[in-house]
Asks: 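Please read through the structure below; I'll follow up with questions.
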Amino acid sequence: MRLACAALLGLALLWTPPAPAQGASCDGASSTAAMRACENARLERAESGMDAAYRALEAKLDARGRERLRAAQEAWLAFRAAEARFQAESAAGGTLAPLIATSAQADLTEARRRDLEKALREPR
């Protein structure tokens with residue numbers, strides 16, 4: 001009986017709930033794994049939106065503008081990576097560090113999408 005209870009307890013501790021659906025909020029995520037899955041999905045959506053805004057803006061620009069946009073985007077990507085590492089440093093070595101880094105990247109990517117969309121609306 002004790003062995004069966006110990007086995008059930010062990011399985012309960014190993015079980016992690018499934019990742020939230022792609023559009024679901026992360027508010028209900030109860031494990032680090034579920035939160036990471038949710039933030040990874042949010043980052044993917046943010047990158048998709050940013051890429052679409054980038055391509056639309058790129059199509060609107062002349063050759064010189066496209067080159068400047070490309071250089072700005074490369075610098076921004078380096079900044080995003082450095083900022084995510086910086087923010088994750090507060091949990092260095094812990095299981096939350098990757099979650100913090102992904103969340104920071106998603107936040108920054110959403111802001112970059114908005115900036116690109118704003119530039120797209122401005123006359124060129």
Side-chain angles (χ1 to χ4, degrees):
M1 179 71 167
R2 282 187 177 177
L3 184 59
C5 287
L8 285 175
L9 179 60
L11 286 174
L13 291 174
L14 291 175
W15 180 80
T16 55
Q22 190 170 6
S25 170
C26 289
D27 293 342
S30 60
S31 71
T32 304
M35 288 183 271
R36 283 183 65 186
C38 188
E39 286 301 291
N40 283 331
R42 186 168 73 96
L43 176 57
E44 283 183 32
R45 289 188 308 274
E47 285 182 335
S48 178
M50 179 187 66
D51 291 345
Y54 179 91
R55 285 189 304 275
L57 180 56
E58 184 180 44
K60 187 177 175 181
L61 299 173
D62 62 14
R64 183 175 170 187
R66 284 191 301 275
E67 179 56 32
R68 287 184 174 172
L69 176 63
R70 185 195 59 75
Q73 188 71 1
E74 286 179 3
W76 180 84
L77 288 167
F79 163 76
R80 180 182 72 168
E83 180 65 15
R85 284 190 302 272
F86 170 71
Q87 288 189 28
E89 186 64 27
S90 64
T95 59
L96 287 179
L99 174 63
I100 292 169
T102 302
S103 182
Q105 287 181 329
D107 290 344
L108 291 166
T109 304
E110 289 167 350
R112 179 64 174 164
R113 176 194 47 80
R114 288 189 300 272
D115 290 343
L116 292 170
E117 288 172 348
K118 180 181 175 187
L120 186 58
R121 291 187 302 270
E122 295 172 353
R124 295 268 170 212

Asks: Within this structure, what is the CG-CE distance for the pair Leu77 and Met50, rounded to the nearest 0.5 Å?
Replies: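 It comes to 5.5 Å.
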
Asks: Looking only at heavy atoms, which two atoms of Ala29 and Met35 are closest? And how far apart?
Replies: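 Heavy-atom minimum between the residues: CB-CG, 3.5 Å.
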
Asks: What residues, two or more places apart in sequence or in another chain, satisfy side-chain hydrogen bond (donor to acceptor under 3.5 Å, both in side chains) together with Asp107?
Replies: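 With sequence neighbours excluded, Asp107 shows a side-chain hydrogen bond (donor to acceptor under 3.5 Å, both in side chains) to Arg42, given in chain and number order.
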
Asks: So which pairs with a foot in residues 81-90 pass salt bridge (charged side-chain N to carboxylate O under 4.0 Å, His left out), sequence neighbours left out?
Replies: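 Matches after skipping sequence neighbours: none remain.
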
Asks: Hey, are the side chains of Thr32 and Arg36 touching, using non-hydrogen atoms and a 4.5 Å cut-off?
Replies: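 They are in side-chain contact.
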
Asks: So, the side chain of Thr102 versus the backbone of Pro98: is there a donor-acceptor pair under 3.5 Å, distance only?
Replies: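 Indeed, once roles are kept as given, a pair shorter than 3.5 Å links the two residues.
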
Asks: For Arg66, is the CZ atom crowded, meaning more than 12 foreign heavy atoms sit under 6.0 Å from it?
Replies: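 It does: Arg66 CZ has more than 12 such atoms within range.
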
Asks: Show the nearest heavy-atom pair for residues Ala97 and Ala88, with the distance to one decimal.
Replies: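 Shortest heavy-atom separation between Ala97 and Ala88 comes out as O-CB, 3.3 Å.
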
Asks: Listed by chain and number, what are the side-chain hydrogen bond (donor to acceptor under 3.5 Å, both in side chains) partners of Glu58, not counting sequence neighbours?
Replies: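 Applying side-chain hydrogen bond (donor to acceptor under 3.5 Å, both in side chains) to Glu58 gives none.
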
Asks: By salt bridge (Lys or Arg N to Asp or Glu O under 4.0 Å), which residues pair with Arg80, not counting sequence neighbours?
Replies: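 Result, salt bridge (Lys or Arg N to Asp or Glu O under 4.0 Å) vs Arg80: Glu47.
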
Asks: Distance check, rounded to the nearest 0.5 Å: Leu57 atom CG versus Arg121 atom CZ?
Replies: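 With rounding to 0.5 Å, CG (Leu57) is 11.5 Å from CZ (Arg121).
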
Asks: Taking only residues two or more places apart in sequence, or in another chain, which ones meet Arg113 in a side-chain hydrogen bond (donor to acceptor under 3.5 Å, both in side chains)?
Replies: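 Result, side-chain hydrogen bond (donor to acceptor under 3.5 Å, both in side chains) vs Arg113: Glu117.
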
Asks: Looking only at heavy atoms, which two atoms of Gln105 and Leu43 are closest? And how far apart?
Replies: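 Scanning both residues, the minimum pair turns out to be OE1-CD2, 3.4 Å.
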
Asks: Looking only at heavy atoms, what is the nearest atom pair of Ala104 and Ala84, with distance?
Replies: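 Looks like CB-CA, 4.1 Å.
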
Asks: Roughly how far, to the nearest 0.5 Å, is the OG atom of Ser103 from the CG atom of Leu108?
Replies: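 The CG atom of Leu108 sits 9.5 Å away from the OG atom of Ser103.
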
Asks: Are Tyr54 and Phe79 joined in one hydrophobic group, where the rule is that I, L, V, M, F, W and Y side chains link up if heavy atoms are under 4.5 Å apart?
Replies: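 Looking at the clustering, Phe79 is in the same group as Tyr54.
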
Asks: How long is the straight-line distance from OG1 of Thr109 back to CH2 of Trp76, given to the nearest 0.5 Å?
Replies: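 Reported value, rounded in 0.5 Å steps: 3.5 Å.
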
Asks: Can you name the side-chain hydrogen bond (donor to acceptor under 3.5 Å, both in side chains) partners of Glu74, sequence neighbours left out?
Replies: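 side-chain hydrogen bond (donor to acceptor under 3.5 Å, both in side chains) check on Glu74 returns Arg70.
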
Asks: Measure across Lys60 and Ala119 and return the closest heavy-atom pair with its distance rounded to 0.1 Å.
Replies: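 Where Lys60 meets Ala119 most closely, the heavy atoms are NZ-O, 4.4 Å.
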
Asks: Distance from Leu116 atom CG to Arg55 atom CZ, nearest 0.5 Å?
Replies: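 Rounded to the nearest 0.5 Å, the CG-CZ separation comes out at 11.5 Å.
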
